[in-house]
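Structure, as structure tokens:
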Amino acid sequence: MNRGTPSRRRNRNTLRYGGNRLRYAGIVALFLAPSLVPLTLFTLVPMVSSLWVALHDWNLITPMEFVGLDNFRDLLTDGGTWAAFGHTLGYIAGYLPLVYLLGLAAALALNTALKGRNVFRAAYFLPVVTSWVVVALLWRWLLSPANGLVNHLLGLVGIDGPGWWTDPTWAMPSVILASAWKDLGFVMIILLAGLQAIPGELYDAARVDGTSAWQRFRYVTLPLLSPSTFFVVVISLINGFQVFDQVYVMTGGGPAGSTEVVVQQIYDLTFRYGRAGDASALSWLLFVVVLIVTIVQVRGQRRWVTYA
Amino acid sequence: MRRALLYLGVTAGALVMLFPFAWTLITSITPGAGLGTPDLVPDDPGLDAYRTLLDAMPFWRILANSLWIAVASTLLQLVTSAMAAYAFARLNFPGRNALFLVYLATLMVPMQVLVVPLFIEMRELNLVDTYAALLAPSIASAFGVFLLRQAVAQVPIELDEAATIDGAGHLRIFVSVVWPLIRPALATFAVLAFMSSWNSFLWPLVVIRSPELMTLPLGLSTLHGQFTTEWDVVMAGSVISIVPIAVLYLAAQKYVIQGVARSGLK
């Protein structure tokens, strides 16, 4: 990161071009403009105007009406907002442990001298490169209450399968199941990289000390894997708070609003109810929540993350 | 014994991961799938679903859209990001660090925050329902700048200096010295950019209306709206969506997995 910027280099650059400042400014502009102009237009301007919209009542058609922080106040007193955050947290509470444990199991299994492990690795990873819409449709079909494969198989062993995404109780578990299936390959790859970085001598030494396999896992593998675990948790939480594609396709927030997560609510507020101001306010609320959660984790990592 | 169990476990796992893809294919060639659970080997396989699909939607066009948008946005992001990366790593100008922080800040704002104002902006520019709107947010990538800046910084400065002595300017150094040397990072970033464009859903959903301009994820989701219970048609669309990315993934597997492992982005 800092190899390009020691002062020695800076001096040479300045010396070299000090005589022709205008020309140098032109070169800087030439290199920066291709990214700076689009980033300004399509990210920075929307960022700022989103805050502006959040301070107004606006149905996207009639003129905006300034309301100050009312949108934020309304959101905080609106049961829908709390319900949406509740559903999102429910999703995370199911998804994160499931995807981590499955990913860890796959990583541990593939970190052995297994024949064909590259083939297995490729197979487990395939859903990661598949688009969310494809995966969501596939699982909607697999979990179709009447003719879906899952209930068909359950029927063969005498179990009467639930209504999955048609049933308010089972809709969120359906989304969680599909999400964990899609993302476990991603978690596996990150953890596999972490496992391969653990020096073999540590296991040898632990063996000499007469430890059991469980003890080696608990006192060597888990602590040394903690930086990878930390990374997975941070990324999964960010993605979890922003969950949308699979919900939109599998349930559309239903049934009976049981999977109405925050981003689904932002979408509905804007494009179904024409409440752009509230939607912008809610999206900033979400952003702040994610930011705080991430900062808390980065701060808290000292307690449980071991850097070798 | 333990090895046998291990093999049994990973094979069962692979089956759970791969069988749903086979099921997609089986469903798509089972006429009338959705009225009942399809058989593992269809009695009377047929391509009716694919015909219905292509009558209902310009699906080849949608596939082509997805492909060219992904290729175009990847190339654009590679060039714009690598150039900015060069500026941040090699050029010295006032406010450089502050500007880099601005780039980083845009990285932290999710698409969900941008989607409403961006839609309004596109409406003001009369670009709603155009390719330009689809492409606009992915011309530049702050993440790419961040990733490639590291790579540029690791190119030995002595190479730049040698080229300078030979009379090369910055543009020349960028093109003939730096670009070839950061190729592994470019490949990693290209894979991630391609995947994110290929899979992008929320923005196309918001900004595109006409079927001829849709990308695959959007086309598929509207397809499902039309054929709610005709799963053979929906799965035929899925098959067409999966095949190109699966082929690409198998061909570039090493880069894909490395890219994801390195950056942690999907």
Side-chain angles (χ1 to χ4, degrees), chain A residues 1 3-4 9-10 13-14 27-28 31-32 34-35 38-39 42-47 49-50 53 106 109-110 112 114 120 122-134 137-138 141-142 147 149 152 186 189-190 193 231 235 242 244-245 249 263 266 270 276 279-280 283-284 286-287, chain B residues 6 9-10 13-14 17-18 20 23-24 34 36-37 79-81 83-84 86-87 89-93 106 109-110 112-114 116-118 121 136-137 139-140 142 145 150 152-154 157 170 195 198-199 201-202 217 220-221 224 231 234 238 241-242 245 249 253 256-257 260-261 264 266:
Chain A
M1 187 156 176
R3 280 187 63 186
R9 273 159 214 169
R10 198 172 292 171
N13 266 340
T14 331
I27 288 168
V28 171
F31 275 95
L32 279 180
S35 61
L39 272 184
F42 306 123
T43 306
L44 286 173
V45 168
M47 251 170 86
S49 64
S50 159
V53 173
L110 294 190
T112 51
L114 199 69
F120 286 116
Y124 287 18
F125 196 75
L126 187 58
V128 180
V129 299
T130 312
S131 82
W132 256 119
V133 176
V134 168
L137 284 173
L138 173 56
W141 171 221
L142 286 171
N147 300 317
L149 182 65
H152 180 75
F186 164 75
I189 290 294
I190 302 287
F231 182 78
I235 296 280
Q242 298 175 356
F244 174 69
D245 295 8
V249 175
V263 179
I266 293 171
T270 316
S280 289
S283 60
W284 276 97
L286 174 64
F287 175 56
Chain B
L6 187 64
V10 290
M17 300 313 282
L18 290 181
W23 191 242
T24 307
T37 309
V79 173
T80 58
S81 306
M83 290 184 80
Y86 183 86
R90 288 294 207 256
L91 301 178
N92 185 29
F93 53 94
T106 66
V109 183
Q112 290 86 330
V113 172
L114 300 180
V116 177
L118 203 52
E121 199 181 325
I139 297 172
V145 177
Q150 320 270 81
V152 175
Q154 278 163 21
I157 189 91
H170 281 288
M195 270 167 55
W198 183 266
N199 293 334
F201 178 61
L202 180 58
L220 264 182
S221 91
H224 178 57
W231 283 103
V234 177
S238 297
S241 313
I242 293 168
I245 194 80
Y249 160 62
Q253 208 205 112
V256 179
I257 288 183
V260 171
K266 289 179 275 180

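Since the model is a prediction, treat every value here as computed from it, not as a measurement. What's counted below: heavy atoms across the whole structure, side chains too, no hydrogens, waters or symmetry copies. In what follows, chains are A, B, ... by sequence order, proteins preceding strands, each numbered from 1.
For the pair Tyr124(A) and Val10(B), the tightest heavy-atom approach, listed with the atom from each and the gap, is OH-O, 2.7 Å. Of all heavy-atom pairs spanning Thr80(B) and Pro34(A), the tightest one is CG2-O, 3.3 Å. Smallest separation of non-hydrogen atoms from Ser35(A) and Ala140(B): O-CB, 3.6 Å. When every heavy atom of Ser283(A) is checked against every heavy atom of Val113(B), the shortest pair comes out as O-CG2, 3.4 Å. When all heavy atoms of Thr130(A) and Asn199(B) are compared, the pair lying nearest together is C-OD1, 4.0 Å.
Tyr249(B) places a side-chain N or O within 3.5 Å of a backbone atom of Ala122(A) that can act as its donor or acceptor partner. Ser131(A) places no side-chain N or O within donor-acceptor distance of the main-chain N or O of Pro217(B), the cut-off being under 3.5 Å.
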Using the rule given for side-chain contact (heavy atoms from CB on, under 4.5 Å), can you reason through Trp23(B) versus Leu149(A), listing the C-alpha separation, both sets of side-chain angles and the distance that settles it, and then say yes or no?
CA-CA 9 Å; Trp23(B) 191 242; Leu149(A) 182 65; 3.7 Å; yes

Does Trp198(B) form a side-chain contact (heavy atoms from CB on, under 4.5 Å) with Val129(A)? I'd like the steps, not just the answer.
CA-CA 9 Å; Trp198(B) 183 266; Val129(A) 299; over 6 Å; no

Derivation and outcome, side-chain contact (heavy atoms from CB on, under 4.5 Å), residues Leu220(B) and Leu137(A):
CA-CA 9 Å; Leu220(B) 264 182; Leu137(A) 284 173; 4.0 Å; yes

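Atom-to-atom distance recorded for Phe93(B):CZ and Ile27(A):CD1 is 12.5 Å, nearest 0.5 angstrom. Of the inter-residue distances, the one linking His170(B) atom NE2 with Phe31(A) atom CZ reads 7.5 Å to the nearest 0.5 angstrom. Leu202(B) contributes atom CG, which lies 10.0 Å from atom CD of Gln242(A) (distance to the nearest 0.5 angstrom). With rounding to the nearest 0.5 Å, the separation of CG in Leu44(A) from OG1 in Thr106(B) is 6.5 Å. The distance from the CZ atom of Phe42(A) to the CG atom of Leu114(B) is 12.0 Å, given to the nearest 0.5 Å.
Heavy-atom distances place the side chain of Phe120(A), and not its backbone, under 4.5 Å from chain B. The part of Gln253(B) that comes within reach of chain A is its side chain, from C-beta onward, which places non-hydrogen atoms under 4.5 angstrom from that chain. The contact between Thr270(A) and chain B is made entirely by side chain atoms (from C-beta outward), counting heavy-atom distances below 4.5 Å. Of the two parts of Ser241(B), only the side chain, counted from C-beta on, holds a non-hydrogen atom closer than 4.5 Å to a non-hydrogen atom of chain A. The contact between Leu18(B) and chain A is made entirely by side chain atoms (from C-beta outward), counting heavy-atom distances below 4.5 Å.
Side chains of Leu126(A) and Met17(B) form no contact here, defined as non-hydrogen atoms less than 4.5 Å apart. Using a 4.5 Å cut-off on side-chain heavy atoms (C-beta onward), Glu121(B) and Pro46(A) make contact. Considering only heavy atoms from C-beta on, Leu142(A) comes within 4.5 Å of Pro20(B) through its side chain. The closest side-chain heavy-atom distance from Leu32(A) to Met83(B) is not below 4.5 Å.
Taking chain A as the reference chain and counting heavy-atom pairs below 4.5 Å, the highest number among Ala84(B), Pro137(B), Ser238(B) is found for Ala84(B).
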